[in-house]
2 protein chains.
Amino acid sequence: MAITIVDVALKAGVSPSTVSRVISNDSRISQKTSKKVRKIMEELGYHPNMMAKSLVTKTTHNLGIILPRPAEELFRNQFFSEIIRGIVTKAASSGYDVLMTTGINADEEEAAVRRLVQGRVVDGIIMLSSRQDEHIISFLKDRNFPFVLVGRSEHHADIISVDNDNVAAAYDVTKKLLEQGHERIAFMSGPANLTVSKDRFSGYHKALLEAGFPLRNEYICEAGFTAESASQAAMDLMNLKNRPTAIITIDDVIAFGVIRTLWNNGMLVPEQCSVVGFNNTIMSEMCLPPIASVDIGIYQMGISAAHTLISTIKGEGYGQARIIVPHQLIWRESVSVPDASNVKTTG
Amino acid sequence: MAITIVDVALKAGVSPSTVSRVISNDSRISQKTSKKVRKIMEELGYHPNMMAKSLVTKTTHNLGIILPRPAEELFRNQFFSEIIRGIVTKAASSGYDVLMTTGINADEEEAAVRRLVQGRVVDGIIMLSSRQDEHIISFLKDRNFPFVLVGRSEHHADIISVDNDNVAAAYDVTKKLLEQGHERIAFMSGPANLTVSKDRFSGYHKALLEAGFPLRNEYICEAGFTAESASQAAMDLMNLKNRPTAIITIDDVIAFGVIRTLWNNGMLVPEQCSVVGFNNTIMSEMCLPPIASVDIGIYQMGISAAHTLISTIKGEGYGQARIIVPHQLIWRESVSVPDASNVKTTG
DNA sequence: ATTTTTTATGCAAACCTTTGCACAATGTTT
DNA sequence: AAACATTGTGCAAAGGTTTGCATAAAAAAT
């Protein structure tokens, strides 16, 4: 039988209420009593039962994370370890623990959320959105339950979210390539229906327009989630009469696939073609050549998400906000000024 | 005000006990009552308050994970996302959530553990040991609190742990290289004080002995945690009169560092020297050339750890066990049969 | 028709805290 | 010395479940 607050009270010759007040540093307790009680607590190795505490305070000091469903696939993407690291770090330093759960399918996922929310298991929830969780978002909103979305919701504008600006990031990358003299810049997305694909394409498009270059369909292509999936698209690009001098890819993995494909076919990066990735994963700095990429501040997003959620739980403002974490271009050897022989060709 | 079990009971015209029994599928409840109560629960959107439940059952259905302290550094290593993925997946499918916490320093870490254990926040704990947590292990053991260690404890033999066999893995790698005709095999560890460095070295040593080859000091060297740290050691090896025909490194990152260093100095892998990594991270399959590595089943370790912990919590056996997850050699292009011109040189 | 067994339900205590309110003791003002 | 303010503590209710035991109703056995 574990030792409780009344054991401490008895031994200290005070009431449980007093012990409770000592623990919460209630100003009304005298120095003397406080010291005495603390000593007994120490002696007995007392630690409050959090369940009992939560039951009365209606507070758990837990932050919930719903892991994206096909955990299998998505976890590979360094994204999740990075963001969770951010969340846990911030949470811990604010006195919160992080509770993770996941569901095998949409129904189970929703059940998990209900369990956490209605079962009062967590004080707030961070949704790692990579798909349509609109249903769950509605559920949380209806109940006015504290939550923040990492990413972007298409249907709900009036929620708290933490995200990066993919349009701006792609715009910056494209613009920088243009400044370096590249004129024939290709864009290789992931699966086209992903928001991130669309957003980054927009940025690319915008920069091109601004610089007065037309959008050329043969420079726009699509890969999947894997390096292999980039192969065909890469070769198609390089077989064009006016091959691009630079390729912007939507992810380091795809950039990797492109570089490997070119290499396998006797073409060097960046000599024959510059390649840019996204997300600045370990891979990008390790590759030969190291891949220029965009650090979209994933760790920082985790920190921000936890911070914002905790503020919301405590009722310190927010309530509605869209927090954008700044990105940063990381220029590496996979990019160079376009080769003279390539540059002069025009489309 | 949230809706409680008595709201349901009232509306269904039964007592709270009955509702409780309906929820837990108590066999004594009649079909009719059960159906009636379930309908009301549905209507009212009732969900039990887990805190209250935990308070009386002394059970939380939470698994705790203590994240290694310098979370910063270690998280980079894909290890943690993999293992957590395994843990969460298994936990979820067994009706458990996973609660993560961390401490900034040793004291905070211990405080966190006490909070979880004595505060009855979790039913069991998974320790991700990468350092001396002996103190915490003692604490858990003394209290007879369910926990499993991922890794190995030097001081405590009689605990449940999940690990891979690094000695055997390195032995297998070395043996395979010997079989391919390599005779001059170097070994590059990480920081030498790490258990993993020691174990893998043992395996290497053992295979060499068995094959009748002497241990040659100039072939044993040490790198750090990063690719850069491997540079000097790699060049030292290649500058030897009898340069090795193969290098076994303790981690893919180090293998990567070696490959890059050789490349920068005009040497090709595997033509000039074969290189083997460890851990089979994304990097190893993405590298040019892809790195032969050892899959030590990290995801599977997560699964096993969660599985074993849950069994222990439920009192289904275990109690003391050392579970070894099998490894698997993943042979890739960074290894080839030694070049004839290299082979004939002898030391 | 009575007793026994079985089946289905309810009562109330217990789990461990926190906290509003009342109260006692001490110190301060008139 | 009386009235008042201040300070420190305790009482008891509340929070939402589960569960051992008792009991009522129904079914089965005598």
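Any value given below was found using the heavy atoms of this structure, including those in side chains, with hydrogens, waters and symmetry copies removed. These figures come from a predicted structure and were not determined experimentally. Numbers restart at 1 for each chain; the letters A, B, ... are given by sequence-line order, proteins then strands.
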Exercise. According to the ring pair (Phe, Tyr, Trp, His ring centres under 6.0 Å) rule, which pairs have a member within residues 26-48 of chain A, sequence neighbours left out?
Worked result: none
Exercise. Below 4.0 angstrom from OP1 or OP2 of D/dT9, is there any side-chain N or O of A/S30?
Worked result: yes
For this session: Taking the side chain as every heavy atom from C-beta outward, state whether B/R152 and B/S161 have any atom pair closer than 4.5 Å.
Result: no
For this session: Would you mind telling me which of D/dG16, D/dG8, C/dT18 lies closest to the side-chain atoms of A/T33?
Result: D/dG8
Exercise. Any donor and acceptor pair, going by atom type alone, linking the side chain of A/R38 with main-chain N or O of A/V22 inside 3.5 Å?
Worked result: yes
Exercise. Taking only residues two or more places apart in sequence, or in another chain, which ones meet B/E110 in a side chain to side chain donor-acceptor pair (under 3.5 Å)?
Worked result: B/H135
Exercise. Could you give the NZ-to-C1' distance, from A/K36 to D/dG8, as a whole number of Å?
Worked result: 11 Å
Exercise. Using the C1' atoms of the five pairs at each end, what is the angle between the end axes of the helix from C/dA1-D/dT30 to C/dT30-D/dA1, to 10°?
Worked result: 50°
Exercise. CD1 of A/I3 versus P of C/dC16: gap in Å, rounded?
Worked result: 11 Å
Seminar exercise, completed: Taken to the nearest whole Å, NE2/B/H61 to P/D/dT17 is 16 Å
Problem set entry | Sugar-phosphate, base or nothing in reach of B/I29, heavy atoms under 4.0 Å | sugar-phosphate
Seminar exercise, completed: Residue set satisfying salt bridge (charged side-chain N to carboxylate O under 4.0 Å, His left out) with B/E43, at least two apart, ordered chain then number -> B/K11
Exercise. Partners of B/T18 by side chain to side chain donor-acceptor pair (under 3.5 Å), sequence neighbours excluded?
Worked result: B/S15
For this session: Can you tell me the distance, in whole Å, between the CD1 atom of B/I5 and the C1' atom of D/dT19?
Result: 12 Å
Problem set entry | Selected nucleotide, minimal atom distance to B/S20 side chain, candidates D/dT18, C/dT19, D/dG16 | D/dT18
Exercise. Which part of the nucleic acid, if any, lies within reach of B/T18 when heavy atoms closer than 4.0 Å are counted: base, sugar-phosphate only, or nothing?
Worked result: sugar-phosphate
For this session: Could you list all the ring pair (Phe, Tyr, Trp, His ring centres under 6.0 Å) pairs where at least one residue sits in residues 142-165 of chain A, not counting sequence neighbours?
Result: none
Exercise. Can you check whether A/K58 has a side-chain N or O nearer than 4.0 Å to OP1 or OP2 of D/dG16?
Worked result: yes
Problem set entry | Side chain A/R21 and base D/dG10 donor-acceptor under 3.5 Å | yes
Seminar exercise, completed: In numerical order, the residues of residues 39-53 of chain B whose heavy atoms come under 4.0 Å of DNA chain C are none
Exercise. Which of the following nucleotides, D/dC21, C/dT18, D/dT18, is nearest to the side chain of B/R28?
Worked result: D/dC21
Exercise. Please, which pairs that meet salt bridge (Lys or Arg N to Asp or Glu O under 4.0 Å) have at least one residue in residues 95-106 of chain B, sequence neighbours excluded?
Worked result: A/R115-B/D97
Exercise. Who passes side chain to side chain contact (heavy atoms under 4.5 Å, CB included) against B/L10, sequence neighbours left out?
Worked result: none
Exercise. Which pairs, with at least one residue in residues 96-117 of chain B and sequence neighbours excluded, count as a ring pair (Phe, Tyr, Trp, His ring centres under 6.0 Å)?
Worked result: B/H61-B/Y96
For this session: Counting heavy atoms from C-beta on, name the nucleotide in C/dG10, D/dG16, D/dG8 closest to the side chain of B/T4.
Result: D/dG16
For this session: Grab the CD1-P distance between B/I23 and D/dT17 for me, whole Å please.
Result: 7 Å
For this session: Return the value, rounded to whole Å, for the distance between atom CG of A/D7 and atom C1' of C/dC15.
Result: 13 Å
Table of protein N/O atoms under 3.5 Å from nucleotides 12-14 of chain C N/O atoms:
none

Seminar exercise, completed: All heavy atoms of B/M100 vs all of B/I84, minimum pair found to be SD-CD1, 3.9 Å
Problem set entry | With sequence neighbours excluded, residues passing side chain to side chain donor-acceptor pair (under 3.5 Å) with A/K35 | none
For this session: Rounded to the nearest angstrom, tell me the gap between atom CG in A/D26 and atom C1' in D/dG10.
Result: 13 Å
